[in-house]
Amino acid sequence: MTRPEAQLDTPAKAAFAGSPALELKGVHKRLGQAHIIGGISLSVQPGERLGLIGPNGAGKSTLFDLISGRHAPDSGQIWLHGQRVDGKKPFEINRLGLARSFQVSQLFPSLSVFDNLRCAMLWSQGLRYGFWRFLSDLTDTNQRTHALMQCLQLDHRRDTPALHLSYAEQRALELGITLAGNASVLLLDEPTAGMSRSEALAFMALIDAVTVGKTLLIVEHDMTVVFGLASKIAVIVQGELLALDTPDAVRANPLVQQAYLGLAQPLNEAMT
């Protein structure tokens with residue numbers, strides 16, 4: 001499978017050499033009287049894949065909102081490639097190398113697969129919208145878009161409006177839009193939600209292939225998917241970090257087992 005480029009430009013690489021890809025230091029967030037995130041600290045190294053799991057309402061999506069700049073933490077610090085980003089706007093954080101997908105696909109429904117991907121790629125290529133520029137003349141951008149479309153296994157749907165894609169294909173296109181900006185850190189929020197078992201397993205394989213070399217944070221309720229992708233697992237319970245370890249160590253952790261007693265099946269079975 002052909003893979004899209006997964007790298008920062010050379011100056012950025014030099015500036016961030018030796019820094020964690022992402023670091024949270026004592027991050028807190030309240031909504032009214034509710035303490036949603038209670039002092040989470042963690043560090044994610046470049047190229048690492050971190051799965052975030054926890055019961056519903058644990059604060060996982062809120063943590064993604066804080067990292068991506070949708071909300072600012074009440075206290076604590078968030079660092080991306082050695083630069084402090086808490087309090088920055090989402091587009092500023094994106095330009096520093098972080099991209100996020102959402103639980104609900106954010107697509108241009110009337111545009112084709114190719115045009116959705118090309119629109120997402122324009123900014124990363126230093127291009128802006130203009131009345132006197134023909135998209136067909138952007139040879140490099142068009143080639144990159146076609147290569148990404150092939151990686152996503154959507155080339156046979158090149159001219160299909162996003163509205164007419166299957167649900168799994170829309171999720172693949174959403175993943176492609178996240179990748180199009182060439183961000184080095186990707187946040188994937190429940191990427192297989194709503195998929196059948198076969199669709200989820202196929203999509204897990206797709207994520208595994210197209211995110212090689214990227215730093216990946218994934219929130220996912222499907223334990224087969226998250227344990228199949230992650231090199232480390234962070235367990236969030238009531239806004240606090242309960243465990244951060246390898247998949248095998250988390251699977252065997254009695255505190256994690258206790259936090260998941262409400263599952264329909266034992267956690268060690270759900271994670272196999």
Side-chain angles (χ1 to χ4, degrees), residues 8 12-13 15-103 178 181 183-191 211 214-221 226 229-247 249-250 253 255-256 258-260:
L8 290 167
K13 280 184 173 179
F16 303 142
S19 300
L22 182 70
E23 189 171 14
L24 279 63
K25 301 179 180 180
V27 172
H28 289 260
K29 183 64 180 178
R30 288 183 177 273
L31 294 178
Q33 297 300 313
H35 209 164
I36 306 301
I37 300 295
I40 288 182
S41 296
L42 58 85
S43 180
V44 186
Q45 299 304 312
E48 196 168 61
R49 295 179 172 189
L50 179 67
L52 276 69
I53 66 172
N56 289 332
K60 304 182 296 295
S61 291
T62 298
L63 195 62
F64 267 23
D65 287 343
L66 298 176
I67 294 170
S68 61
R70 294 191 80 194
H71 302 300
D74 295 326
S75 61
Q77 300 176 6
I78 301 174
W79 295 76
L80 176 67
H81 293 304
Q83 295 194 50
R84 188 170 174 180
V85 297
D86 51 279
K88 289 186 180 294
K89 298 182 184 301
F91 75 87
E92 294 174 322
I93 297 175
N94 176 259
R95 291 177 186 176
L96 292 173
L98 182 142
R100 176 186 180 179
S101 71
F102 292 86
Q103 295 178 23
T178 306
S184 58
V185 178
L186 304 177
L187 310 184
L188 304 184
D189 197 350
E190 297 192 34
T211 61
K214 305 280 189 182
T215 303
L216 181 65
L217 279 74
I218 179 169
V219 168
E220 179 58 67
H221 287 292
V226 72
L229 286 171
S231 54
K232 283 189 178 179
I233 303 290
V235 184
I236 310 291
V237 177
Q238 296 181 345
E240 297 184 357
L241 185 63
L242 179 66
L244 174 61
D245 215 324
T246 64
V250 167
N253 188 315
L255 294 177
V256 177
Q258 184 178 1
Y260 274 86

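- Here the closest heavy-atom approach between residue Arg30 and residue Gln33 is recorded as NH1-O, 3.3 Å.
- Ile67 has its side chain within reach of Leu217: a pair of non-hydrogen atoms, C-beta onward, lies under 4.5 Å apart.
- Taken to the nearest 0.5 Å, the NZ atom of Lys60 stands 12.5 Å off from the CD1 atom of Ile218.
- Taking NZ of Lys214 as the start and CG of Leu188 as the end, the distance is 11.5 Å to the nearest 0.5 Å.
- A distance of 6.0 Å separates CD of Glu220 from CD of Glu190, quoted to the nearest 0.5 Å.
- Under a 3.5 Å cut-off, the side chain of Ser41 and the backbone N or O of Gly26 do form a donor-acceptor pair.
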query = For Leu66 and Ile78, what are the C-alpha separation, side-chain angles and deciding distance, and is it a side-chain contact (heavy atoms from CB on, under 4.5 Å)?
reply = CA-CA 8 Å; Leu66 298 176; Ile78 301 174; 4.1 Å; yes
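- Atom CG of Leu216 and atom OG of Ser184 lie 12.0 Å apart (nearest 0.5 Å).
- Pairing each heavy atom of Gly87 with each of Ala72, the nearest pair is CA-CB, 4.4 Å.
- Asp65 contributes no side-chain N or O that, together with a main-chain N or O of His71, makes up a donor-acceptor pair within less than 3.5 Å.
- Within the 4.5 Å cutoff, the side chain of His81 has heavy atoms near those of the Val185 side chain.
- The minimum heavy-atom distance linking Gly97 with Ala183 is given by the pair O-CB, 3.4 Å.
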Distance-only donor-acceptor pairs under 3.5 Å for side chains of residues 230-244, two or more places apart:
{"unit_1": "Ser231", "atom_1": "OG", "unit_2": "Arg49", "atom_2": "N", "d": "3.1"}
{"unit_1": "Ser231", "atom_1": "OG", "unit_2": "Arg49", "atom_2": "O", "d": "3.0"}

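- Contact between Gly76 and Asp86 at its shortest, heavy atoms only, is O-OD2, 3.8 Å.
- Looking at heavy atoms from C-beta onward, Leu96 lies out of side-chain contact with Leu98 at the 4.5 angstrom threshold.
- At least one side-chain heavy atom of Asp74 sits less than 4.5 Å from a side-chain heavy atom of Lys29.
- Of the inter-residue distances, the one linking Leu63 atom CG with Ile40 atom CD1 reads 5.0 Å to the nearest 0.5 angstrom.
- Separation of atoms CG (Asp189) and CZ (Phe64) is listed at 6.0 Å; rounding is to 0.5 Å.
- In terms of heavy-atom proximity, Ala21 sits nearest to Thr215 at CB-OG1, 3.5 Å.
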